[in-house]
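What follows is a set of notes on a single structure, which appears directly below.
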Amino acid sequence: MFDFLEGYDVLGAFWTTVQLTVFSAVGSLILGTVLAAMRVSPVPLMRGFGTAYVNIVRNIPLTVIIVFSSLGLADIFGMTMGVPDDFDLLGFRLAVFSLAAYTAAFVCEAIRSGINTVPLGQAEAARAIGLSFSQTLRLIVLPQAFRSVIGPLANVLIALTKNTTVAAAIGVAEAALLMKEMIENEAQVLAIGAIFALGFVVLTLPTGLFFGWLSKRLAVKR
């Protein structure tokens, strides 16, 4: 029934998708948190940079960012990462970089919305007892902000999982690229499409359910 799958490493392709998602999610969470801190910073230059980054990056198509990374940064990444001849590894790293940089803009806005839910009086009280801005943000504001935006961050993670398909544009051997190859070589177009659609549902549905449960469990009681 599924003879057309023989010779194709479907599980390997989805494993690459999972790796892209995990590494990009970690990178975007770190960068997005830094950007959110910059956007609420009392320093005008930092606020301006954070605002400009978010407004510019989230309005550029992800495909453009990935293709630019592949064409414009490949030489730099090849030299700095020590893999000038390993194009598969280089493409994977460029895809992670692009996905993290793009998704960080959405992570930043989600976290900033969480920061805005923290009562202003708590930050003022923290400053009154001598905490600096960074200490107030790290110890008081961000822990509460993260708890209130677990749901939105889950949506960003699910979108990131689906956005990994764009990595096929620079030849990263993830699920979408294998699906394209199989459709070109096999006649079972509907069956192939259904299998890969089911694969993404298997990846994203448990993520949404888990983070939905976590959001309710860790919700901040006001």
Compare every heavy atom of Ala175 with every heavy atom of Phe14, then report the nearest pair and how far apart it is. CE2-CB, 3.8 Å
Taking all non-hydrogen atoms of both residues into account, name the closest pair between Val107 and Gly32 and its distance. CG1-CA, 4.0 Å
Inter-residue atom distance Thr136.OG1 - Gln122.CD, 0.5 Å rounding: 11.0 Å
Exactly one of Leu209, Thr21, Ile158, Leu160 clears side chain to side chain contact (heavy atoms under 4.5 Å, CB included) with Thr204, and that residue is Ile158
With a 4.5 Å cut-off on side-chain heavy-atom distances among I, L, V, M, F, W and Y, is there a chain of contacts connecting Leu205 to Phe196? no
Can you find a pair of side-chain heavy atoms, one from Ile115 and one from Leu142, that are under 4.5 Å apart? yes
Would you say that Val40 contacts Leu137 through its side chain, given a criterion of any heavy-atom pair below 4.5 Å between the two side chains? yes
Compare all side-chain heavy atoms of Phe92 with those of Thr16 and state whether any distance is below 4.5 angstrom. yes
Side-chain heavy atoms nearer than 4.5 Å, only ILVMFWY residues, links allowed to pass through others: does that put Val18 and Leu11 together? no
For the atom pair CD (Gln19) and OG (Ser24), what is the distance rounded to the nearest 0.5 Å? 11.0 Å
Among the clusters formed by ILVMFWY side chains lying less than 4.5 Å apart, do Met38 and Val43 turn up in the same one? yes
Please report the closest heavy-atom contact between Ile60 and Ile56, naming both atoms and the distance. CG1-O, 3.2 Å
Taking all atoms of both residues into account, what is the closest heavy-atom pair of Leu157 and Ala25, and its distance? CD1-CB, 3.8 Å
Ser148 side-chain N/O to Ala145 backbone N/O, donor-acceptor pair under 3.5 Å: yes
Just verifying a value: how many Å separate Arg127 CZ and Ile140 CD1, rounded to the nearest 0.5 Å? 12.0 Å
Residues which pass side-chain contact (heavy atoms from CB on, under 4.5 Å) with Ala176, listed by chain and number, not counting sequence neighbours: Thr165, Ala168, Glu174
Looking at Ser215 and Phe211, would you say the former's side chain and the latter's main chain have a donor-acceptor pair under 3.5 Å? no
Can we say Glu109 and Arg112 salt-bridge, meaning some charged N sits less than 4.0 Å from an Asp/Glu carboxylate O? yes
Could you check whether any side-chain N or O of Ser41 sits under 3.5 Å from a backbone N or O of Ala37, counting only pairs where one atom can act as donor and the other as acceptor? no
Hey, any chance Ile192 and Val202 share a hydrophobic cluster, counting ILVMFWY side chains that come within less than 4.5 Å of each other, even indirectly? no
Residue pair Thr117, Val149: steps toward the side-chain contact (heavy atoms from CB on, under 4.5 Å) verdict: CA-CA 10 Å; Thr117 66; Val149 297; over 6 Å; no
To the nearest 0.5 angstrom, please state how far the CD1 atom of Ile150 sits from the CG atom of Leu214. 4.0 Å
Tell me, with the steps shown, if Leu94 and Ile66 meet side-chain contact (heavy atoms from CB on, under 4.5 Å). CA-CA 7 Å; Leu94 287 169; Ile66 283 191; over 6 Å; no
Following the transitive rule for hydrophobic clusters with a side-chain heavy-atom cut-off under 4.5 Å over Ile, Leu, Val, Met, Phe, Trp and Tyr, establish whether Phe97 and Val54 coincide in one cluster. no
Test side-chain contact (heavy atoms from CB on, under 4.5 Å) applied to Leu29 and Phe146, step by step: CA-CA 11 Å; Leu29 183 61; Phe146 276 113; 3.9 Å; yes
Minimum side-chain heavy-atom gap Thr17-Phe200 below 4.5 Å: yes
For Ala100 versus Gly27, what's the shortest heavy-atom pair and its separation? CB-C, 4.0 Å
Given Tyr102 and Asn163, is the side-chain contact (heavy atoms from CB on, under 4.5 Å) satisfied, shown in steps? CA-CA 10 Å; Tyr102 177 78; Asn163 285 342; 4.1 Å; yes
Which atom names give the shortest non-hydrogen contact between Gly50 and Leu35, and what distance separates them? CA-CD2, 4.3 Å
Check whether Gln135 reaches the backbone of Ser132 with its side chain - one donor and one acceptor, N or O, closer than 3.5 Å. yes
Connected hydrophobic set around Ile30, excluding itself, where side chains approach under 4.5 Å: Val26
